[in-house]
Amino acid sequence: MATTLNERKLPIAGEWVETGEWLEVRSPYSGEVVARVAKGGADETRRAIDAAAEAMKDPLPAHKRAEILVRVAGALGRRHDEVARLISDEAGKPMKTARVEAKRAMSTYTFSAVEARKLAGEMVPMDAAQAGEGKLAFTLRRPIGIVGAISPFNFPLNLVAHKLAPALAAGCAVVLKPASQTPLSALLLAELEEEAGLPPGWLNVVVGKASEIGDVIVDDERVKAITFTGSGPVGWKLKARAPKKRVNLELGNATPVIVAADADLEAAATKLAANAFSFAGQSCISVQRIYIESSAYRAFVDRFVPRVEALTVGDPSDEDTDVGPVIDEGARERILAWIGETKGRVLTGGTLDGELIRPTVIEKPPRDDKVSCEEVFGPVCTVNEVTSLDEAFELANGTRFGLQAGIFTTRLDTALRAAQELDFGGVTVNEAPTYRSDQMPYGGVKDSGNTREGPHYAVREFTEEHLVVVELP
Ligand code: NAP
């Protein structure tokens, strides 16, 4: 239950500003107002970019950037309960899952601090070419410029951290637009960065009308990179509108998993039941489509469904809750409509528990059902019988998405085949494809995106190589 009612201003140019308008952040569970946030727009975004440009005139040395990042990681640890509670309040995320997110953000900041200290170019082996004889050459990694960051509602802390921390590690100032439904964790991070010693203008946050803020970020030539996590249509449109900027997209998925006949079915059922419904399926890599080889099908489903039914549905602020609400009524209605129109058989769930969608398992929907080919982003998964691994690979690859996929098998050859043939940014073996650790290169192919996050990889995206050639005496 949301317990705090407070007002949050926007950090722009080193000040916390009011705008005269307020945006209410409501608990997706109770509907109560958690906080009011100053609502910004085009003017605030322009001021934020001005401030970022001013800040970058006085670069911060790497050791200072690293120290700030480490201090934020420490503050996240010291204030863990408050941070997890804030995520839970604004996103309706069960405390269990919110605590994991809060800890992961510490990891994201810590790895970014390491990257800040390691950031370096490389020597170019000049005498490898006749034209290079008598020359010395090396590259410097320089900050790309101002970063425009746009983040989604579902990991309001750690996905913001995956933008802010690597950008600072790279030496870039940021203008952040967090999701309107969940801006509070982002504002808390801004507060922690300020307390950690970040000078004015390096991080500016504008909450408000997405298209207005987005248009300024797209149109202003001083913003050199846009890092966007969210839905495909919004992301690809931003990229098309900003051909001169580096536009890094982390988008959706309709996450498949294959359960081979030889798999450890107990382990597969346990992991997949937890990972199809964590945060009510509102993760871009939530398990959605499970393909099981025929000879294991019945045994898997008999293990899987009871585990799904054992999940605790309820108040996200309760430490025992596994599955809470989806983000809003619109999402709930859409998900229920998709369940309603499936031609598959609902094995469990499919109805409401109060206002909450019960964890839902749909058996054998046709491949053109929305639950088979679109991203559900809700507490719904499908179980499908396949007659061969060939069919499983074909179906797993058969959507426009390509973020992460998984396979459960005890055979090395099958695991390695999956690693080669699943057309996704990442493949997990004997682990749910919902798995992510924050130093991993994480991102998609096909419609799911065009970049890799994880501090080591993101820092490269936020820097440019600058070549120096020296004539030797
Ligand atoms: P969304 O509706 O696309 O929103 C994402 C962000 O974009 C929000 O801050 C939103 O602002 C903003 N936005 C919307 N329209 C915009 C515009 N015209 N210009 C600039 N910004 C605009 O996505 P969501 O519903 O929050 O998130 C769910 C999606 O994110 C799912 O598809 C999920 O798979 C994907 N996702 C991907 C990853 C990954 O790492 N690959 C991780 C998490 C989520 P408002 O909130 O103000 O509308």
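Whatever order the structure lists them in is the order used to number ligands and atoms, beginning at 1.
E465 has its side chain within reach of R141: a pair of non-hydrogen atoms, C-beta onward, lies under 4.5 Å apart. The closest side-chain heavy-atom distance from E431 to K271 is below 4.5 Å.
The residues lining ligand 1, counting any heavy atom closer than 4.0 Å, are I150, S151, P152, F153, N154, L159, K177, P178, A179, S180, G208, A210, S211, G214, F228, T229, G230, S231, V234, E250, L251, G252, C284, E375, F377, L403, Y442.
The main-chain N or O of V376 is found under 3.5 Å from a side-chain atom of Q288 such that the two form a donor-acceptor pair. The backbone N or O of S107 lies less than 3.5 Å from no partner atom in the side chain of D438, so there is not a single donor-acceptor pair.
By the 6.0 Å and 45° rule, K177 does not stack over the aromatic ring of F228. Under the 6.0 Å distance and 45° angle rule, R452 does not count as a cation-pi partner of Y457.
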